2 protein chains.
Amino acid sequence: MVTIKDLAKEVGVSVATVSRALTGSGYASPDVRRRVLEAAERLDYKPNEVARALNTSRSNVVGVLVPDITNPYFPKVIRGIEDEAIRNDYRVIIGNTDNDQKKESKYLEIFRQNNCAGIISATWSIEHKAYSGERPLILLDRVAENLPSIEADNLKGGRLQAMHLIERGADKVLVIKGHEGYSSFDDRAVGALETLETQGIEYETLAYRQLDSLLSNDKLDDFTRFNGIICPNDVTAYKVLNGLRALDIAVPDAVKVIGYDNLDFSEYVHPSLTTIGQPIYELGRNAFRMLMDLAAGKPAPSQVLNVALVRRQST
Amino acid sequence: MVTIKDLAKEVGVSVATVSRALTGSGYASPDVRRRVLEAAERLDYKPNEVARALNTSRSNVVGVLVPDITNPYFPKVIRGIEDEAIRNDYRVIIGNTDNDQKKESKYLEIFRQNNCAGIISATWSIEHKAYSGERPLILLDRVAENLPSIEADNLKGGRLQAMHLIERGADKVLVIKGHEGYSSFDDRAVGALETLETQGIEYETLAYRQLDSLLSNDKLDDFTRFNGIICPNDVTAYKVLNGLRALDIAVPDAVKVIGYDNLDFSEYVHPSLTTIGQPIYELGRNAFRMLMDLAAGKPAPSQVLNVALVRRQST
DNA sequence: TTGTAGGCGTTATCAG
DNA sequence: CTGATAACGCCTACAA
C-alpha cells in the first residue's frame with residue numbers, strides 16, 4: 001500500500017507538504033503540488049480513509065437505518081441515498097432494525113464507533129437514549145420534535161386515497177391502518193378518515209395486525225360489507241387483492257382497492273393497482289443532501305415532498 | 001468519548017494493561033481484568049473501531065457488491081449477509097454496480113481504502129485489474145476460476161423448468177435468456193435447453209435485451225407460436241404475464257409460464273407464478289460464513305445450494 | 001504480571 | 001511556503 005510517506009520520498013518533500021498538496025488545505029507551491037499530484041497518479045496512491053477518519057474523527061461513511069431492506073419500499077430509498085452518497089464520495093452502511101429499539105440502539109452505537117459522518121433513519125423510537133445528538137441525523141418518513149426530517153405528504157396522500165374512492169362511487173369504506181407508531185402511516189389514516197368524515201361516507205378501520213387473521217379466515221361477510229378498501233401501502237394491497245380473489249369478490253366491480261407507494265410491482269398485479277405515488281428515490285437522495293448540509297453547518301429545513309394519485313384498474 | 005486512556009486512569013493501570021484485559025489477548029491478572037471490565041461497563045466504554053482498524057489494518061466491515069439493490073432478489077441476499085454479519089459483530093457496506101465494470105472497480109478501491117475485512121460480490125467482471133487478491137473474496141451467483149463462490153444449482157433449476165413445462169404438456173417452448181455475462185443465467189439456460197433437446201421438444205431462444213421490444217410491439221404472432229415460456233427470473237415472468245394479458249392470451253390454458261427465484265411477489269401476481277425456489281437468504285448467510293472462514297485462514301470450499309420447483313397457477 | 005514505547009496513515013500546529 | 005512533530009485511539013513487542 002502506497003502512503004503519503006512514499007509520495008514524500010518520491011517527490012523529495014515532507015509528508016506534511018504532501019498532505020497539504022493533496023488536500024488543498026494549506027499552502028503548497030504550484031510546482032510542488034504538480035509534482036505531488038503527478039507522483040500520486042503514477043504510484044496509484046489512494047488515501048487511507050481509516051487513518052483519515054481516525055485523525056479527523058469523522059469518516060465518510062453514513063449509517064442508514066431501515067426496518068427491513070426486504071420490504072421493497074426501502075431498496076428504492078437506499079438506492080437514492082447511495083447514488084447521492086457515492087457522488088459525494090461517501091459510503092453507506094445499512095442496518096436492519098426490524099422496528100426493534102434494541103437493534104436500533106445497537107446500530108447507533110456502531111455508527112458512533114465507526115466515526116460515521118451522519119445518520120439517516122427510517123426507524124426511530126421516540127425515547128432514544130442511544131442518540132445524544134453528537135452526529136447529524138435526518139429522519140426519513142418519520143417526524144419528531146426538534147429533529148430535521150424528510151417525508152412525502154402523507155396527509156395529502158390519505159386524502160387523495162379517500163377522495164378517489166369516493167369519486168369512484170364507494171360509500172362503505174374499510175380503512176386498513178399501517179404499522180403502529182409510524183407517523184407516516186398515522187398521517188395517511190388521518191387524511192383518509194378526515195376526508196371520509198367530511199364527505200359523510202360510512203367507514204370502518206382495521207388495525208394492521210388484524211389483517212392477516214382476517215385474510216386467513218374466510219370471512220366473506222367482513223369484506224362484502226364494503227365497496228372500497230384503503231390500504232396503508234401497496235404490499236398490504238397485494239395481500240388484500242389476493243384475499244378478495246380467493247373469495248371471488250370482483251375488483252373493482254364489487255369493491256375498489258387503493259394502495260400507497262406505487263411500487264414497481266403494482267402494475268404487474270392483477271388487477272393493476274391504483275395507488276398513491278411517492279417520490280421514493282428522491283426521498284433518499286434529498287435525505288442525503290440534507291445530511292450533508294447539516295454536516296457542513298448549514299441549515300437543513302425539513303422537507304415534505306409531493307404525492308400524486310396513480311390510476312389503474314383496481315378502482 | 002471514553003477511551004482506554006480513561007479506563008486506565010480510572011482503574012489505575014496502564015493503557016496496555018487495559019487493552020490486554022479488554023481484548024483477552026495477552027496477560028492480565030484476574031483481579032485487574034475484573035476491575036477493568038467493571039469500569040468499562042460503568043463508564044460505558046466502546047472501543048473505537050476506526051482506531052482498531054487502523055492499527056490492525058483490518059476493519060470489521062465487509063463490502064457487498066450487487067448490480068442493483070432495487071432488484072428484489074438482492075435485498076434478500078443482503079439481508080442474509082447482514083444478519084449473519086451483525087451476529088459476528090461485522091458491518092456491511094453496500095455498493096450498486098449496475099453491472100458497470102468501472103463502478104465495480106471503484107468500489108473495490110473504496111473497500112480497500114476502508115481496510116474492509118473482505119468482499120462478497122454478486123457482480124464480477126471477468127478481467128479485474130482492481131482486485132489483486134489481497135482481501136478475502138466470495139463470489140455469489142457467479143463462478144470464476146480459482147475464486148471461492150456460492151450459488152444455487154442453476155443447471156438443475158433450468159432442467160426443472162423445462163421438465164415441468166413438458167410434464168404440463170408444452171411442446172413449443174420459448175426460452176428467454178437472462179442478462180448476458182452471468183454464469184448463473186447461462187447455466188439455467190443450458191439446463192433448460194439441454195432438457196428440451198433431450199426430450200425432443202421444439203424450442204426457440206430469445207435474448208434478454210430483445211424482450212422489451214417484443215412486449216411493447218403487439219406481436220401476437222410471436223407469442224401464439226408457443227405454449228410454454230421459460231423465464232430467466234420472476235421479474236421477467238411478471239412482464240411476460242402482463243404482456244400476455246394485454247394480448248388476451250390465456251395463462252396457463254393457451255401458454256404456460258414459469259419463472260425463477262420464487263420472490264415473495266410471485267404468489268401475488270395473477271395467475272400466481274410457478275417458479276424455481278432458491279434459498280436466497282441462505283445464499284447470503286452462507287456467503288458471509290465462507291468469508292469468515294477465508295479470513296480466518298480456513299478453507300472455504302465453493303458451495304452449490306439446492307433448488308426446487310414451486311408449483312402455482314401459471315402452468 | 002505489568003508498563004513503556006513505537007507504530008498504523010493522516011491531518012494540524014507550530015516554528016523556521 | 002515548508003518541515004518537524006504531535007496528535008487520533010488502539011494494539012503489541014519488549015523490557016522490567
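Residue numbers start from 1 in every chain, and the chains themselves are labelled A, B, ... in the order their sequence lines are given, proteins ahead of strands. A quick note: this is a predicted structure, and the numbers were derived from the prediction, not measured.
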Give every donor-acceptor pair under 3.5 Å between a side-chain atom in residues 284-295 of chain A and any protein atom, sequence neighbours left out.
from	atom 1	to	atom 2	distance (Å)
A/N286	ND2	A/Q303	OE1	3.0
A/R289	NE	A/E84	OE2	3.1

Electrostatic pair B/R112-B/E109, nearest N-O below 4.0 angstrom: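 Salt bridge: yes.
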Should A/R42 and A/E38 count as an ion pair when the cut-off is N to O under 4.0 Å?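 Yes.
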Using whole Å, what does the distance between atom [atom2] of nucleotide [N] and atom [atom1] of [X] come to?
X: B/M1; N: D/dG9; atom1: CE; atom2: P; answer: 7 Å
X: A/N115; N: C/dG9; atom1: CG; atom2: C1'; answer: 15 Å
X: B/R112; N: C/dG9; atom1: CZ; atom2: P; answer: 12 Å
X: B/D6; N: D/dC8; atom1: CG; atom2: P; answer: 11 Å
X: A/E49; N: C/dG9; atom1: CD; atom2: P; answer: 15 Å

Return the residues of residues 9-17 of chain B meeting this criterion: a heavy atom under 4.0 Å from some atom of DNA chain D. Order them by number, or give none.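 Contacts with DNA chain D under 4.0 Å: B/A16.
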Roughly how bent is the helix from C/dT1-D/dA16 to C/dG16-D/dC1 end to end, in steps of 10 degrees, with each end axis from five pairs?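 Taking the rotation axis at each end, their angle is 50°.
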Just to be sure I understand the geometry, which residues of residues 52-62 of chain B put a non-hydrogen atom under 4.0 Å away from DNA chain C?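 B/L54, B/N55 - these, ordered by number, are the residues of the stretch whose heavy atoms sit under 4.0 Å from the strand.
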Any residue of residues 29-38 of chain B with a heavy atom less than 4.0 Å from an atom of DNA chain C: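 Listed by number, they are B/S29, B/V32.
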Report all interatomic pairs (protein N or O, nucleotide N or O of nucleotides 14-16 of chain D) with separations under 3.5 Å.
none

Under the 6.0 Å and 45° cation-pi test, does B/R79 pair with B/Y281?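 No cation-pi geometry.
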Between A/R20 and A/Y27, is NZ or CZ placed under 6.0 angstrom from the six-membered ring centre and within 45° of the ring axis?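 Relative to the ring axis of A/Y27, which defines the angle, A/R20 lies outside at least one limit.
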Among B/D31, B/T17, B/V18, whose side-chain contact (heavy atoms from CB on, under 4.5 Å) with B/V36 holds?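 The single option meeting the side-chain contact (heavy atoms from CB on, under 4.5 Å) with B/V36 is B/V18.
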Would you mind telling me which of A/L137, A/V61, A/L65, A/V62 makes a side-chain contact (heavy atoms from CB on, under 4.5 Å) with A/F111?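 For A/F111, the side-chain contact (heavy atoms from CB on, under 4.5 Å) test succeeds with only one of A/L137, A/V61, A/L65, A/V62, which is A/L65.
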Is B/S19 near enough to D/dC11 that one of its side-chain N or O atoms lies under 4.0 angstrom from OP1 or OP2?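 For B/S19, the contact criterion (side-chain N or O under 4.0 Å from OP1 or OP2 of D/dC11) is met.
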OP1 or OP2 of D/dT12 less than 4.0 angstrom from a side-chain nitrogen or oxygen of B/Y27, does that happen here?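 Checking B/Y27 against D/dT12: no side-chain N or O falls below 4.0 Å of OP1 or OP2.
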Rounded to the nearest 0.5 Å, how far does CZ of A/R91 lie from CD1 of A/I93?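 If I round to the nearest 0.5 Å, the distance is 11.0 Å.
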Please report the shortest heavy-atom distance between B/R33 and B/G24, naming the atom on each side.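 Shortest heavy-atom contact: NH2-CA, 3.6 Å.
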